[in-house]
Amino acid sequence: MRRFFFQIYIMYKPLFNQRKALRFRHFTRKGYALFACLGRVVTIGVLSVATLKSAASTTADDVTVAAHSVAGTALSDDDGTQKEATLDEVEVTGSRAPLALGQAARMVTVLTRQDIQAAPVQSINDLLKMVVGVDVRQRGPLGAQTDIGIRGSTSEQITILLNGINICDAQTGHNAFDLPCDVSDIVRIEVLEGPAGRVYGTSSMVGAVNIVTAPHPDTAEGRKQGAMLRMEGGSFGMLSAAARGALSGHSLSAGYTRSDGYSRASSGALNSDYSAGKVFYQGGFAADRLQLAWQTGLSARGFGSNTFYSAKFDEQYEATTKLFAALRGELVAGGLHVRPSLYWSRGYDRFELIRGTQDKVPFNYHRTDVFGVGLNSWFDWLLGRTALGAEVRNEDIVSTNLGEPLAETFSHYKVGLNRTNLSLHLEHNILLQRFTLSAGLIAVKNTWNQMPLTVYPGVDASYRLGEDWKVYASYNSSLRMPSFTELYYSVGGHKADKYLKPEELQAVEGGVKYGGRWLTAKASVFHHYQRNTIDWVMDTRQTDAVWQSVNLTKVNTTGVEVSANCQLSTVNCQLSYCYLHQDKDVDQHLQSRYSLEYLRHKVTAQLHMPLTTALDLTLYYRWHDRMGSYTDTQGQVQSYHPYSVVDARLGWNADAYSLYVEANNLTAHRYVDYGNVPQPGLWLKVGAKYYIDLF
């Protein structure tokens with residue numbers, strides 16, 4: 001009874017800006033009991049753990065640091081009994097109201113700071129390859145262009161967020177991961193699989209990825225003010241440099257990466273070269289009842305696109321620039337929490353079908369502006385926690401070929417389009433000792449194509465069985481608006497349909513999760529029903545066929561995911577598997593570019609182990625079996641073949657510096673994620689980081 005009262009009390013007590021110390025004697029092995037107390041000072045016996053004044057995502061890593069300071073420690077109660085403390089729960093955004101990971105009714109996959117630091121990756125995109133339900137399809141390395149899908153989706157059907165702010169590109173999903181931040185800025189990545197419309201809005205049809213950064217450098221645990229310098233070099237002329245500094249809650253990072261590329265065009269010229277620069281700043285302000293967090297960044301890159309969009313042209317080139325700024329706040333008035341947000345992004349895109357020869361084929365120029373303002377609020381009362389709010393998002397493009405004719409042309413831009421999306425959301429959460437229920441809806445209206453106000457509901461439930469087991473089930477629905485490219489791109493062998501309907505999806509899911517002392521595991525089964533699915537298809541029966549944007553009648557997806565994580569002393573090993581089957585009501589002679597190409601089987605495994613006190617080894621393994629086909633340069637239809645990839649990282653970690661060697665694709669297999677764009681073989685990289693403490 002005493003434990004039950006404590007858990008109920010902390011779940012409905014206002015979470016922020018509390019200064020009183022909370023002392024209790026009975027401590028369970030589950031972390032949710034502690035992290036529901038975010039914003040409190042918690043003492044257990046003689047061990048004191050200070051948590052944050054705020055659990056906002058911009059400072060969430062401090063929670064992780066606090067957790068790691070006591071995680072796995074045996075704590076003594078008054079009777080001398082040793083009790084394990086498992087304090088790995090942080091606030092995640094799987095619902096409109098903030099909940100700790102242990103409270104969330106939906107399963108949210110979290111890549112922690114330790115996962116990120118140990119990963120042998122070239123870019124932020126690569127970090128998601130180890131999430132078994134995520135499909136990372138690369139056209140080029142170093143993050144040149146990567147499409148991210150979840151559970152058989154296309155890259156257009158998920159939302160990418162930076163600290164909870166939607167940074168999706170309205171022009172095309174190909175540019176969604178053009179991020180201004182560096183890998184060293186990230187403290188965790190949250191992946192919400194399945195429809196997330198009532199949580200993240202209209203672009204979250206099949207899931208969402210939230211990238212969380214923090215205003216302190218990538219240094220050893222506990223360093224909050226200082227600097228980090230990084231230098232890397234590797235295969236194919238790859239060079240990279242980055243610097244990051246933090247002081248008094250503000251941070252600034254900058255980096256540059258370049259590569260000669262791994263392939264050449266038929267003319268002998270480089271056609272997969274890459275260069276990119278990034279700058280990212282974030283800061284904040286905190287008072288007793290008001291908190292502000294702001295972020296701004298710039299990303300500019302250019303890369304050889306060899307045969308990215310057409311097998312007939314092997315000297316394509318693309319240059320993109322993205323500017324981004326956002327402000328979030330939180331105001332606490334009694335038991336009411338109000339979180340307003342304001343954001344803006346501008347993207348420039350220049351595409352050259354034949355590199356550097358505008359006189360032969362005119363370049364495509366696009367400028368996209370997205371402006372959004374949102375309000376989310378929540379409060380606790382007798383029957384639970386209720387959240388409600390709204391968002392207005394305006395998307396505007398001016399272009400050489402995307403949109404309707406402009407009244408006045410300027411620069412390269414002759415056509416354009418503007419549309420506004422209004423969404424209203426309502427959600428209620430019931431949090432009991434073992435049971436969580438989250439139900440809500442989102443109502444959406446878009447000015448494009450005279451879309452009426454449409455409501456999409458959802459409900460999630462979970463129940464804890466004893467101390468180690470948790471079962472959950474959910475039903476959710478969502479939609480996605482067509483991108484500007486899908487509506488208007490009618491050049492170069494493409495024919496778009498400006499009257500495309502929004503995609504819609506309904507999904508059910510059930511699963512179980514086990515969290516023991518040494519082993520954690522989970523399994524889930526899900527079914528997605530899509531209608532009006534948007535894709536680019538080609539009729540292979542026609543000799544002069546072109547790619548057409550169409551609404552497919554329906555696509556049914558059924559899948560199973562299982563994963564296990566074993567922690568034995570300092571050795572960690574993970575194994576995961578995902579199976580998908582799509583039943584699509586389309587003609588067999590149609591070749592798909594996106595939605596009919598999916599991973600039927602995906603296996604991931606990883607091993608992280610220390611070799612000495614300072615030396616550690618990480619091994620990653622992936623096996624992909626993709627459905628679908630593509631037309632090669634000789635005009636023959638080819639099926640995708642299964643492939644395996646092994647990545648490795650060997651790192652030496654000291655207090656003031658770290659040295660590492662990474663190898664991607666150790667077997668040097670030239671696999672294909674997209675037709676006619678083979679990936680590089682073995683890629684080696686060596687690097688060093690140096691840390692500077694200011695205080």
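Between the side chain of R622 and the backbone N or O of V645, no donor-acceptor pair lies under 3.5 Å. A donor-acceptor pair under 3.5 Å links the side-chain atoms of T447 to the main chain of T420, judged by distance alone. No side-chain donor-acceptor contact under 3.5 Å links Q145 to the backbone of H174. In terms of modelled atom types and a separation under 3.5 Å, the side chain of S399 and the main chain of V415 share no donor-acceptor contact. For Q122 (side chain) and L142 (main-chain N/O), a donor-acceptor pair under 3.5 Å exists by modelled atom type. Counting only distance, with no hydrogens or angles, the side chain of T357 and the backbone of D359 share no donor-acceptor pair below 3.5 Å. Checking side-chain atoms of N210 against main-chain N and O of G164 turns up a donor-acceptor pair under 3.5 Å. The main-chain N or O of G675 is found under 3.5 Å from a side-chain atom of Y640 such that the two form a donor-acceptor pair. N551 places a side-chain N or O within donor-acceptor distance of the main-chain N or O of N532, the cut-off being under 3.5 Å. Formation of a donor-acceptor pair under 3.5 Å by the E503 side chain with backbone atoms of I534 is found in this model.
For the pair W448 and P482, the minimum side-chain heavy-atom distance is below 4.5 Å. The shortest distance between side-chain heavy atoms of V392 and N394 does not fall below 4.5 Å. At a threshold of 4.5 Å between non-hydrogen side-chain atoms, the residues V191 and L128 count as touching. The shortest distance between side-chain heavy atoms of N665 and P680 does not fall below 4.5 Å. Proximity of P340 to L375: side-chain heavy atoms (C-beta onward) are separated by under 4.5 Å at one or more points. Looking at V555 and Y598, their side chains never come closer than 4.5 Å, going by heavy atoms from C-beta outward. Considering only heavy atoms from C-beta on, E561 comes within 4.5 Å of E193 through its side chain. The shortest distance between side-chain heavy atoms of W344 and L323 falls below 4.5 Å.
Between atom NZ of residue K602 and atom SG of residue C578 there is a gap of 8.0 Å, rounded to the nearest 0.5 Å. How far OG1 of T485 is from CD of E156: 7.0 Å, rounded to the nearest 0.5 Å. Going from atom CD of E352 over to atom CD of E315 covers 11.0 Å, rounded to the nearest 0.5 Å. With rounding to the nearest 0.5 Å, the separation of OG in S272 from CG in D314 is 11.0 Å. Taking CZ of R367 as the start and NE2 of H412 as the end, the distance is 11.5 Å to the nearest 0.5 Å. To the nearest 0.5 Å, the span separating OG on S299 from CD1 on I167 amounts to 10.0 Å.
Taking all atoms of both residues into account, the shortest heavy-atom contact from R151 to T557 is O-CG2, 4.0 Å. The nearest pair of heavy atoms linking V546 to G493 is CB-O, 3.3 Å. Pairing each heavy atom of G152 with each of Q582, the nearest pair is O-NE2, 3.2 Å. When every heavy atom of A390 is checked against every heavy atom of H425, the shortest pair comes out as N-CE1, 3.6 Å. In terms of heavy-atom proximity, N166 sits nearest to L161 at N-CD2, 3.9 Å. Residues A208 and Y200 approach most closely at CB-CD1, 3.3 Å, considering heavy atoms.
By the 6.0 Å and 45° rule, R419 stacks over the aromatic ring of F484. A cation-pi arrangement, defined by a distance under 6.0 Å to the six-membered ring centre and an angle within 45 degrees of its axis, is absent between R670 and Y262.
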* To do: Verify side chain to side chain contact (heavy atoms under 4.5 Å, CB included) between E318 and N175, making sure each step is shown before the conclusion.
  => CA-CA 11 Å; E318 191 161 7; N175 297 336; 4.3 Å; yes
* Does the pair F324 and D178 meet the rule for a side chain to side chain contact (heavy atoms under 4.5 Å, CB included), with working shown? -> CA-CA 11 Å; F324 169 76; D178 191 359; over 6 Å; no
* To do: Assess whether salt bridge (charged side-chain N to carboxylate O under 4.0 Å, His left out) is satisfied between D135 and R626, documenting all intermediate values.
  => CA-CA 10 Å; D135 184 7; R626 185 177 302 280; 2.9 Å; yes
* **Trace of the side chain to side chain contact (heavy atoms under 4.5 Å, CB included) decision for R531 with K501** => CA-CA 10 Å; R531 64 177 182 176; K501 301 176 182 178; over 6 Å; no
* To do: I would like to know whether V121 and M130 meet side chain to side chain contact (heavy atoms under 4.5 Å, CB included); could you show each step before the answer?
  => CA-CA 11 Å; V121 298; M130 293 310 297; over 6 Å; no
* **Chi angles and distances behind the salt bridge (charged side-chain N to carboxylate O under 4.0 Å, His left out) call for R139, D147** => CA-CA 8 Å; R139 282 189 170 99; D147 292 348; 3.6 Å; yes
* Asked: When you look at R480 and E486, which way does the salt bridge (charged side-chain N to carboxylate O under 4.0 Å, His left out) test go after all the steps?
  -> CA-CA 12 Å; R480 179 184 75 87; E486 292 168 329; 3.1 Å; yes
* When you look at D182 and K278, which way does the salt bridge (charged side-chain N to carboxylate O under 4.0 Å, His left out) test go after all the steps? -> CA-CA 8 Å; D182 186 73; K278 298 181 178 183; 5.8 Å; no
* To do: Give the C-alpha distance, both sets of side-chain angles, the deciding distance and a yes or no for side chain to side chain donor-acceptor pair (under 3.5 Å) between S341 and R328.
  => CA-CA 4 Å; S341 62; R328 296 186 72 180; 5.3 Å; no
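Checking R96 against N376 by side-chain atom types alone, no donor-acceptor pair falls below 3.5 Å. Under 3.5 Å, the side chains of Y343 and R393 contain a donor-acceptor pair of N or O atoms. In this structure, a donor-acceptor pair under 3.5 Å is present between the side chains of Y456 and E504. Remark: the D625 side chain and the Y579 side chain contain no N/O donor-acceptor pair separated by less than 3.5 Å. For the residue pair Q138/Q679, the side-chain donor-acceptor check at 3.5 Å is not satisfied. Residues N271 and S263 bring a donor and an acceptor atom of their side chains to less than 3.5 Å of each other. Side-chain contact, S483 with T172: no donor N or O sits under 3.5 Å from an acceptor N or O. Under 3.5 Å, the side chains of N163 and T213 contain a donor-acceptor pair of N or O atoms.
Tested against F351, the residues Y309, Y489, F313, F308 include a single ring pair (Phe, Tyr, Trp, His ring centres under 6.0 Å) partner, Y309.
Classified by interplanar angle (parallel below 30°, tilted 30° to 60°, perpendicular above 60°), the ring pair Y413/F410 is perpendicular.
For K495, the NZ atom sits in a loose shell: 12 or fewer heavy atoms of surrounding residues, nucleotides or ligands are nearer than 6.0 Å.
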